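Input: a single structure, listed below in structure tokens.
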There are 2 protein chains.
Amino acid sequence: MFGTTDSPLMDLPQDDTRAPASRPVRFSAEKAATPSAQCSSCMLRHICMASNLDDSDVARLNNVVRNWRMVKQGQALYRAGDPFQSIYAVRSGSFKTVLSHQSGREYVSGFFLSGETIGLDGISTEAHACDAIALEDSAVCVIPFHLLEALCREVRSLQQQVHKMMSAEIVRETGQMMLLSNLTAEQRVAAFLLNISARLQRRGFSPTSFTLRMTREDIGSYLGMTLETASRTLSRFQQEGLIRVQGKQIDLLDLEALDMR
Amino acid sequence: MFGTTDSPLMDLPQDDTRAPASRPVRFSAEKAATPSAQCSSCMLRHICMASNLDDSDVARLNNVVRNWRMVKQGQALYRAGDPFQSIYAVRSGSFKTVLSHQSGREYVSGFFLSGETIGLDGISTEAHACDAIALEDSAVCVIPFHLLEALCREVRSLQQQVHKMMSAEIVRETGQMMLLSNLTAEQRVAAFLLNISARLQRRGFSPTSFTLRMTREDIGSYLGMTLETASRTLSRFQQEGLIRVQGKQIDLLDLEALDMR
DNA sequence: CGTGCAATTGAGAAGTTTCAAAAAGCGTGG
DNA sequence: CCACGCTTTTTGAAACTTCTCAATTGCACG
């Protein structure tokens with residue numbers, strides 16, 4: 001995870017990204033062998049796609065989400081241009097999504113924690129628009145999208161959940177654009193720390209003490225500033241007693257003051 | 001529209017945003033009175049939600065999209081906080097979406113031309129996240145979202161189209177974030193002009209001569225700069241012979257050079 | 001216990017914003 | 001139809017934030 005290093009919960013590094021795309025969507029497929037009933041017993045169930053589903057629907061979802069995959073730190077879950085077949089729910093660990101510009105520049109467009117969903121960008125063109133890189137050794141649930149779509153045609157609550165997830169991603173990005181265009185470097189870094197803090201808290205981690213898994217360069221890119229400015233801003237916050245910084249280890253000392261920025 | 005003023009195609013300023021939310025979704029509703037078969041004869045059909053649908057599916061969609069609404073210049077199609085019921089396809093005219101920050105600052109998060117869809121931000125929280133303001137006298141098709149969802153459960157191609165639209169909005173915003181965080185003011189303005197140009201061309205308007213319906217302040221906000229910087233940049237482009245500016249009237253003289261920025 | 005990547009820090013340069021003033025455009029009402 | 005008032009746009013100059021380049025330090029991994 002992000003804050004605390006958790007013991008590896010799984011093995012089976014099966015790569016099942018290559019979904020049976022040509023195979024027609026039969027719902028007999030739902031009844032296929034299911035190694036372990038993940039969703040129903042998953043700790044992330046309430047913050048994942050399965051939230052707001054009743055037990056029987058979770059069981060059906062579970063038949064769509066049959067496989068998961070491990071991704072080692074620094075490795076790509078997918079790359080820009082890869083044909084789109086599945087979306088992914090982060091089981092453990094964390095990811096960044098990276099968009100490359102023609103100029104060779106790279107832009108970190110998002111960070112994703114456990115329970116969050118990656119890959120929605122690929123739906124529109126049927127090819128992924130960015131790279132998804134693991135920030136630490138991570139695992140994802142593989143959700144073949146055509147199966148999910150098929151199930152959404154049958155399960156209304158799931159359909160609504162998927163629509164809400166996509167909409168939430170749109171809203172998140174709108175907020176990020178506002179941040180990039182309106183806030184100072186200080187305000188952006190403060191907002192970033194508070195955002196991470198809130199998301200970790202939601203997952204049961206300390207909201208005030210955590211390890212950033214990404215580099216200063218990643219943070220800077222995500223926040224629209226250079227790595228030096230990101231570093232300097234963190235240092236300044238430390239000098240002012242708002243936070244404590246020790247490399248990637250961060251302690252938030254004054255949440256109120258951070259929010260004031 | 002954006003470039004050319006088109007004659008008002010319609011009357012009937014019926015406001016039907018208040019959809020029959022409590023009424024159970026019966027598809028008999030699809031057969032209800034349909035004043036005019038809009039979608040099937042709509043010039044925007046191929047760039048709208050109806051693209052990639054066959055005739056019979058367009059007819060069914062048409063029963064969901066039964067009403068449209070006029071919005072006068074400067075008026076709001078919806079406001080942040082309004083309960084979410086419908087999404088809207090721009091029939092004629094154009095809109096901006098505006099996000100307000102706690103600090104009182106406003107941020108223009110997007111511009112929308114005919115055939116484009118507004119309101120997807122409201123799905124996640126069931127309340128709109130921003131204001132949608134008409135940049136000129138405009139008209140929109142009202143698409144009650146619960147009806148659209150119901151139809152998507154029956155018509156696979158429509159379901160896919162809706163998912164692609166949402167994903168495209170995610171990708172668009174990702175690109176905008178990259179623009180905001182990586183490009184100089186000059187590059188942003190150039191990218192903006194080329195983007196508008198391409199979208200107008202797609203709609204059959206001149207890609208090199210058009211009227212911007214938004215103010216310099218809107219442009220600046222959208223591009224993460226002050227209105228003065230936006231204005232100055234346009235002036236500089238004119239001095240360099242890349243464009244011709246006369247207030248809101250823009251002529252692109254050297255598309256290649258603009259693209260080089 | 002090096003070696004190399006990541007992070008910090010400094011100082012000057014550059015781009016953008018801010019404040020200010022004037023010009024231009026637009027709609028309204030006489 | 002023109003005059004008036006208001007908004008929008010343009011342009012200038014100084015101030016400020018952020019970037020760039022550069023050097024140093026710290027940390028992790030082999």
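Please read all numbers here as calculations on a predicted model, not as lab measurements. Each chain gets a letter, A, B and so on, in the order its sequence line appears, and its residues count up from 1.
Counting to the nearest Å, the P atom of C/dA7 and the CD atom of A/Glu228 are 11 Å from each other. In this structure, CD of B/Gln73 is placed 10 Å from P of D/dT8, rounded to the nearest angstrom. Going from atom NZ of A/Lys248 over to atom P of C/dA6 covers 8 Å, rounded to whole Å. Counting to the nearest Å, the C1' atom of C/dA24 and the CZ atom of B/Arg216 are 12 Å from each other. If you measure from atom CD1 of A/Ile243 to atom C1' of C/dA7, you get 14 Å, rounded to the nearest angstrom. In this structure, A/Leu223 atom CG and D/dC19 atom P are separated by 11 Å, rounded to whole Å. Between the CZ atom of B/Arg236 and the P atom of D/dG12 there is a distance of 12 Å, rounded to whole Å. Atom CD1 of B/Ile219 is separated from atom C1' of C/dT16 by 17 Å (rounded to the nearest Å).
The aromatic rings of B/His128 and B/Phe84 lie perpendicular to each other, with more than 60° between the two planes, well past the 30° mark.
Residue B/Thr226 has no polar side-chain atom (N or O) positioned under 4.0 Å from OP1 or OP2 of C/dT16. Contact check, A/Ser235 against C/dA7: no side-chain N or O comes under 4.0 Å of OP1 or OP2. One finds no side-chain N or O of B/Arg232 lying less than 4.0 angstrom from the OP1 or OP2 phosphate oxygen of D/dT10.
Defined by atom type and a distance below 3.5 Å, a donor-acceptor pair is present between the side-chain atoms of B/Ser209 and B/Gln249.
Using a 4.0 Å heavy-atom cutoff across all strands shown, B/Thr229 reaches at least one base atom of the nucleic acid. B/Leu227 comes within contact range of at least one nucleobase, with a heavy-atom separation under 4.0 Å. Note on B/Gly224: only backbone sugar-phosphate atoms sit closer than 4.0 angstrom, heavy atoms only; bases stay farther off.
Mapping B/Arg188 and A/Ala230 onto DNA chain C by nearest heavy atom places A/Ala230 at the nucleotide closer to the 5' end. For the pair A/Gly247 and A/Met225, both in contact range of DNA chain D, the more 5′-proximal nearest nucleotide belongs to A/Met225.
Taking the six-membered ring for Trp, B/Phe111 and B/Tyr222 have ring centres closer than 6.0 Å.
Side chain of A/Arg105, nearest nucleotide from D/dT20, C/dA7, D/dT10: D/dT20.
The two residues A/Tyr78 and A/Ile118 have their closest heavy-atom pair at OH-CG2, 3.3 Å. Here the shortest heavy-atom pairing between A/Glu173 and B/Ile170 reads OE1-O, 2.7 Å.
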